[in-house]
Engineer: 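This structure is in structure tokens; I'll ask about it shortly.
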Amino acid sequence: MENKVPIVPVVSSFSGLTMPVICMGTASYPPVDAGTLKSAIVEAIRAGYRHFDTAFIYGSEQPLGAAIAEALNIGLIKSRNELFITSKLWCTYAEPDLVIPAIKMSLENLQLEYLDLYLIHWPLKFSKEVSRLPVPKEEVSVIDIKSVWSAMEECQLLGLTKAIGVSNFSSRKLEEILSFAKIPPAVNQVEMNPLWQQKELNEYCKAKGIHVSAHSPLGSKGTLWGDNRIFDCHALKEIAEAKGKTIAQRWQICLRWVYEQGASVIAKSFNKKRMEENLEIFDWSLSVEELEKIRGLPQCKFNSIGTFIEPSAELEAQL
């Protein structure tokens, strides 16, 4: 199956990297069973997806690895090299001596020899395995970013990943990394959608040559931290109708908007028809007036860190 997704160059001063601009996310809440997830990923590859986002904490690495093996076996792809695979370092392993064992564990789960991109999932360290949410604040601390980033660089130098980056990092935390990094972050994966546009962070990343990858482009509807604000947004409904999209298809407006900001987008659906529709955003564009209407929408963050950890003003002040 021909890949339908455009490839975007991701600037890195250490090595070149290209990645498909639409990625299939594999996180799910509530979790789906491994068989359902594997089948959905195989169908996504059949539809033309070539970029997949996973993480140790999602529990989706093994199903993704099994789907890749099946896609190779039935001839949907000829080589693993046709795919771009992103995974993440979980907070429990955010210590310098645990980074390499953690990426090797992810590679074993995925049945792969290397990742294309490995990210620090959050700028946080958990003192032990998470047994409940929110995580008790006494078990959470800000990571020693200099030593952990050095271990991330070692992952790339060892060939365990082609590139390294971060997720959910502020411009302040990025500035800290850039002050000492030998290999700068290639990507910052953050929440980004019409109701949380991340204008300043996006501009900062562009200026520093860090590609922004957008998770939660639809506001994480159906999760602990999301709600229906995007789906209920009157302005987005109007734009969808003007584009000849059904009300049910207005998520395409959000995906296209992210794409027009120069970011790649992580879209998650296990529905075959929806997966195909998520790829149908490249033969039309938003008008200047429509972009201006979106630019003026009230802003509200969905994926609040407060969902995951107990409130701590001292901790949040360091992020």
Engineer: Does any N or O in the side chain of Arg256 come within less than 3.5 Å of the main-chain N or O of Leu286, such that one atom is a donor and the other an acceptor?
Structural biologist: no
Engineer: Quick one: OH on Tyr259 to CD1 on Ile281, what's the gap to the nearest 0.5 Å?
Structural biologist: 7.5 Å
Engineer: Val166, Leu89: one ILVMFWY side-chain cluster at the under-4.5 Å cut-off?
Structural biologist: yes
Engineer: Spell out, as yes or no, whether a donor-acceptor pair under 3.5 Å connects the side chain of Gln197 to the backbone of Ile294.
Structural biologist: yes
Engineer: Would you say Glu139's side chain and Pro136's backbone share a donor-acceptor pair under 3.5 angstrom?
Structural biologist: no
Engineer: Between Ile210 and Leu178, does the side-chain contact (heavy atoms from CB on, under 4.5 Å) criterion hold? Intermediate values first, please.
Structural biologist: CA-CA 11 Å; Ile210 300 171; Leu178 292 173; 4.3 Å; yes
Engineer: With no hydrogens and no angle check, is any side-chain donor or acceptor of Tyr118 less than 3.5 Å from a backbone partner on Leu160?
Structural biologist: no
Engineer: Give the minimum heavy-atom separation between Ile45 and Ala67, together with the two atoms involved.
Structural biologist: CD1-O, 4.5 Å
Engineer: Backbone N or O of Val190 within a donor-acceptor pair of the Gln198 side chain at under 3.5 Å?
Structural biologist: no
Engineer: Donor-acceptor pair, Glu153 side chain versus Ala181 backbone, under 3.5 Å?
Structural biologist: no
Engineer: Enumerate donor-acceptor pairs with a distance under 3.5 Å from any side-chain N or O in residues 19-27 to protein atoms, sequence neighbours excluded.
Structural biologist:
unit_1 : atom_1 : unit_2 : atom_2 : d
Thr26  : OG1    : Asp53  : O      : 2.7
Thr26  : OG1    : Ser60  : OG     : 2.7

Engineer: Tyr93 vs His121, test: ring pair (Phe, Tyr, Trp, His ring centres under 6.0 Å). Steps then yes/no.
Structural biologist: CA-CA 10 Å; Tyr93 304 102; His121 205 146; over 10 Å; no
Engineer: With no hydrogens and no angle check, is any side-chain donor or acceptor of Asn188 less than 3.5 Å from a backbone partner on Val212?
Structural biologist: no
Engineer: What I'd like to find out is whether the side chain of Leu218 reaches to under 4.5 Å of the side chain of Phe231, using heavy atoms alone.
Structural biologist: yes
Engineer: Should Leu291 and Leu255 be regarded as members of a common hydrophobic cluster, given that ILVMFWY residues are connected when their side-chain heavy atoms come within less than 4.5 Å of each other, either directly or indirectly?
Structural biologist: yes
Engineer: Please answer whether the main-chain N or O of Ile183 pairs with a side-chain N or O of Trp149 as donor and acceptor at a distance below 3.5 Å.
Structural biologist: yes
Engineer: Kindly determine whether Arg80 and Glu113 satisfy salt bridge (charged side-chain N to carboxylate O under 4.0 Å, His left out), including the steps that lead there.
Structural biologist: CA-CA 10 Å; Arg80 177 265 182 266; Glu113 294 182 354; over 6 Å; no
Engineer: List the atom of Ser216, the atom of Glu191, and the distance in Å for their closest heavy-atom pair.
Structural biologist: CB-CG, 3.9 Å
Engineer: Looking at Glu176 and Lys173, is there a salt bridge between them, counting it only when a charged N and a carboxylate O are closer than 4.0 Å?
Structural biologist: yes
Engineer: Charged N to carboxylate O under 4.0 angstrom, Glu203 versus Lys206?
Structural biologist: no
Engineer: Please tell me whether Tyr49 and Leu110 are part of a single hydrophobic cluster in this structure, the criterion being side-chain heavy atoms less than 4.5 Å apart.
Structural biologist: yes
Engineer: Between Pro217 and Cys254, what is the shortest heavy-atom contact and its length?
Structural biologist: O-CB, 3.5 Å
Engineer: For the residue pair His215 and Asn168, confirm or rule out a side-chain donor-acceptor distance under 3.5 Å.
Structural biologist: yes
Engineer: Write down the atom of Ala240, the atom of Arg250, and the distance for their closest heavy-atom approach.
Structural biologist: CB-CB, 3.6 Å
Engineer: Just how far is it from atom OG of Ser39 to atom NZ of Lys272, taken to the nearest 0.5 Å?
Structural biologist: 12.0 Å
Engineer: Going by ring pair (Phe, Tyr, Trp, His ring centres under 6.0 Å), Trp90 matches just one of Phe56, Trp122, Phe126. Which one?
Structural biologist: Phe126
Engineer: Can you hop from Val135 to Leu124 via hydrophobic side chains spaced under 4.5 Å?
Structural biologist: yes
Engineer: Please report the shortest heavy-atom distance between Met275 and Ala44, naming the atom on each side.
Structural biologist: SD-CB, 3.7 Å
Engineer: With rounding to the nearest 0.5 angstrom, report the CD1 to CE distance, Ile145 to Met152.
Structural biologist: 8.5 Å
Engineer: What's the spacing between Leu98 CG and Thr92 OG1 if we round to 0.5 Å?
Structural biologist: 9.5 Å
Engineer: Quick check for you: to the nearest 0.5 Å, what is the distance between His234 atom NE2 and Lys293 atom NZ?
Structural biologist: 7.5 Å
Engineer: Quick one: does Lys88's side chain get under 4.5 Å of Gln189's, heavy atoms only?
Structural biologist: yes
Engineer: Without swapping roles, check the side chain of Glu241 against the backbone of Leu236 for a donor-acceptor pair under 3.5 Å.
Structural biologist: no
Engineer: In the single-linkage hydrophobic clustering (I, L, V, M, F, W, Y; side-chain heavy atoms under 4.5 Å), do Ile120 and Met192 co-cluster?
Structural biologist: yes
Engineer: Would you mind checking if Arg295 and Glu292 are paired as a salt bridge, meaning a charged N to carboxylate O distance below 4.0 Å?
Structural biologist: yes
Engineer: Report yes or no: do Ser87 and Glu61 form a side-chain donor-acceptor pair below 3.5 Å?
Structural biologist: yes
Engineer: Give, for atom CG of Asp116 and atom OG1 of Thr161, the distance between the pair rounded to the nearest 0.5 Å.
Structural biologist: 7.0 Å
Engineer: Show the nearest heavy-atom pair for residues Ala242 and Glu290, with the distance to one decimal.
Structural biologist: CB-OE2, 4.1 Å
Engineer: Inspect the contact between Lys78 and Glu82 and indicate whether a charged nitrogen and a carboxylate oxygen are less than 4.0 angstrom apart.
Structural biologist: no
